[in-house]
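To start, the structure under review is shown below, and the notes come after it.
All residue numbers refer to positions in the sequence shown, counting from 1. Computed from a prediction, not measured in an experiment: that's the story for all the values here. Atoms within each ligand, like the ligands themselves, are counted from 1 in listed order.
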Amino acid sequence: MAMAGSAVGLGNIWRFPYMVGEHGGAAFIIVYVICCLLVSLPIFFAEATIGKSTRRDTFGALESISPKSKWAGYTAILASFIILSFYSVVGGWSIDYLIRSFGGGFSGRSMAEAREVFAAMGASPVESVSCMLVFLGLTAMIVGAGVDKGIGRFSKISIPVLFVMVVVIAVVSLSLPGAGKGVEYLIRPDFSKLDAPAIAAALGQSFFSLSLGVGTILTYSSYMKEDENLISAGGWTAFFDTVFALIAGFAIMPAVFAAGIEPAAGPSLVFETLPVIFSRMGVVLPVVFFMAILIAALSSSISMLEVVVAWLVDQGGMRRSHAVLAVFGAAAVLGSACAVAPRVFGACDFVSSNVLMMFGALAFALLVGWKMPREEALRHVRYRFVYWLIRYAAPVMIVAIAVTNLL
Ligand code: PFF
């Protein structure tokens with residue numbers, strides 16, 4: 001459940017539905033699923049194998065397999081920290097909007113007014129930084145409570161609730177007059193739109209969505225019981241993550257089309273278009289929507305914080321509570337910079353998703369495929385063809401997308 005929580009996040013809500021529509025509907029979904037099966041899942045298994053077989057934090061795990069791969073431990077932990085910082089800014093926005101929704105803050109507003117509200121929030125350092133700190137504080141409280149009592153308990157309760165919330169929004173959205181166009185946007189297959197950038201986008205999105213390459217899956221797997229099967233954990237996580245992304249698409253796009261609005265991706269979709277549309281249907285729907293975004297963001301941010309905390313505890317010998325406080329302080333500084341400077345936010349997003357994540361994923365695949373004793377790797381990944389995918393196919397594909405994305 002915690003792995004599913006890490007995977008399900010803002011990426012599913014504000015990027016996936018738009019990407020599907022832009023890159024050919026069902027045609028893109030098919031490519032996305034193939035990418036998941038052939039590349040992302042094998043990377044997931046590789047990352048989980050490292051965690052489960054070494055039972056150490058990201059840095060210690062990589063070092064124990066090959067001392068030369070220490071640097072990859074550092075880049076993965078750094079990536080988790082950077083993603084945590086800018087993700088907390090968006091988490092803060094969702095808290096801000098949740099509070100506004102309680103007061104019926106968007107009812108009767110036009111789209112232009114909603115745009116002004118969003119711009120004013122971004123322009124007010126006090127508002128955006130304080131909301132970011134509240135979000136980071138919630139993340140720290142859950143992680144500080146421990147792996148079982150904090151992360152485990154939060155995930156077991158919040159993920160089913162989140163699922164129900166998104167299904168409810170999807171049902172409402174699909175019942176609106178004119179919703180059919182949104183469904184068509186999502187599923188009508190258009191294979192002519194499947195060019196190389198679309199395939200690279202599918203693979204990049206599946207990496208981000210499954211939280212790969214930054215040590216979250218590695219760290220969570222190091223806490224698995226010996227008899228737990230990482231193939232089924234990975235399979236369920238990917239299945240749940242994809243189903244959730246599709247349901248989010250059906251919660252969002254039909255409502256957007258029913259209101260006669262052009263779809264967009266990213267902040268403007270979630271913080272400008274949707275609050276106005278959902279407020280037309282009463283006070284409850286916006287509250288449910290922003291609550292869902294908050295839960296989705298929290299269940300992901302706790303996994304990023306855990307990577308850094310596990311490293312400080314295992315390598316630095318710190319007490320868990322001190323480690324949580326230290327990372328909270330450092331992320332508060334970078335998060336504040338992201339909250340007030342859109343350029344810093346953009347740079348953090350770009351460097352972590354396009355460079356560091358790819359680096360980490362490549363390192364994990366190469367370590368399991370080429371450095372770890374074959375029998376040990378096979379003991380965890382179980383199937384020879386999965387081992388083959390980790391050893392050959394995944395590294396080649398990662399280099400190919402990294403090059404396509406950076407060009
Ligand atoms: N998987 C999350 C999402 O789709 O929003 C993002 C994410 C979470 C990336 C955790 C990296 C990570 F370590």
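- Residue contacts with ligand 1: S6 is placed with a nitrogen or oxygen under 3.5 Å of a nitrogen or oxygen of the ligand (distance criterion only).
- The distance criterion of under 3.5 Å between nitrogen or oxygen atoms is not met by S80 with respect to ligand 1.
- Considering backbone and side-chain N/O of G11, one or more are found under 3.5 Å from N/O of ligand 1.
- Of all atoms in ligand 1, listed by their number and element, those nearer than 4.0 Å to a heavy atom of S303 are 10 (C).
- If you look at A296 next to ligand 1, there are no close heavy atoms at all, none under 4.0 Å.
- No option in S88, S301, S299, S300 other than S301 meets the side chain to side chain donor-acceptor pair (under 3.5 Å) test with T139.
- Inclusion of A7 in the set of residues having an N or O under 3.5 Å from an N or O of ligand 1 is warranted.
- With hydrogens and angles left out, the side-chain atoms of Y223 and E228 include no donor and acceptor closer than 3.5 Å.
- Numbered from 1 in the order shown, with element, the atoms of ligand 1 that lie under 4.0 Å from a heavy atom of M357 read 9 (C), 11 (C).
- Residue S211 has at least one N or O atom closer than 3.5 Å to an N or O atom of ligand 1.
- In summary, the aromatic rings of F240 and F163 are positioned with their centroids under 6.0 Å apart.
- For the residue pair S303 and T216, no side-chain donor N or O sits within less than 3.5 Å of a side-chain acceptor on the partner.
- Using a 4.0 angstrom heavy-atom cutoff, R15 does not count as in contact with ligand 1.
- Here S85 contributes atom OG and L136 contributes atom CG; the two are 7.5 Å apart, rounded to the nearest 0.5 Å.
- Of the N or O atoms in T216, none lie within a sub-3.5 Å distance of an N or O in ligand 1.
- The pair E127-R100 meets the salt-bridge criterion, since a charged nitrogen lies less than 4.0 angstrom from a carboxylate oxygen.
- For atom 5 (O) of ligand 1, the nearest protein heavy atom (residue, atom name, distance) is Y87 OH, 2.6 Å.
- For the pair L10 and ligand 1, the shortest N or O to N or O distance falls below 3.5 Å.
- Using a 4.0 Å cut-off between charged nitrogen and carboxylate oxygen, E272 and R109 do not count as a salt-bridge pair.
- Side chains of S53 and E376: a donor-acceptor N/O pair is present below 3.5 angstrom, by distance only.
- Atom CZ in F271 sits 5.5 Å away from atom OG in S94 (nearest 0.5 Å).
- At a heavy-atom distance under 4.0 Å, atoms from both the backbone and the side chain of F208 approach ligand 1.
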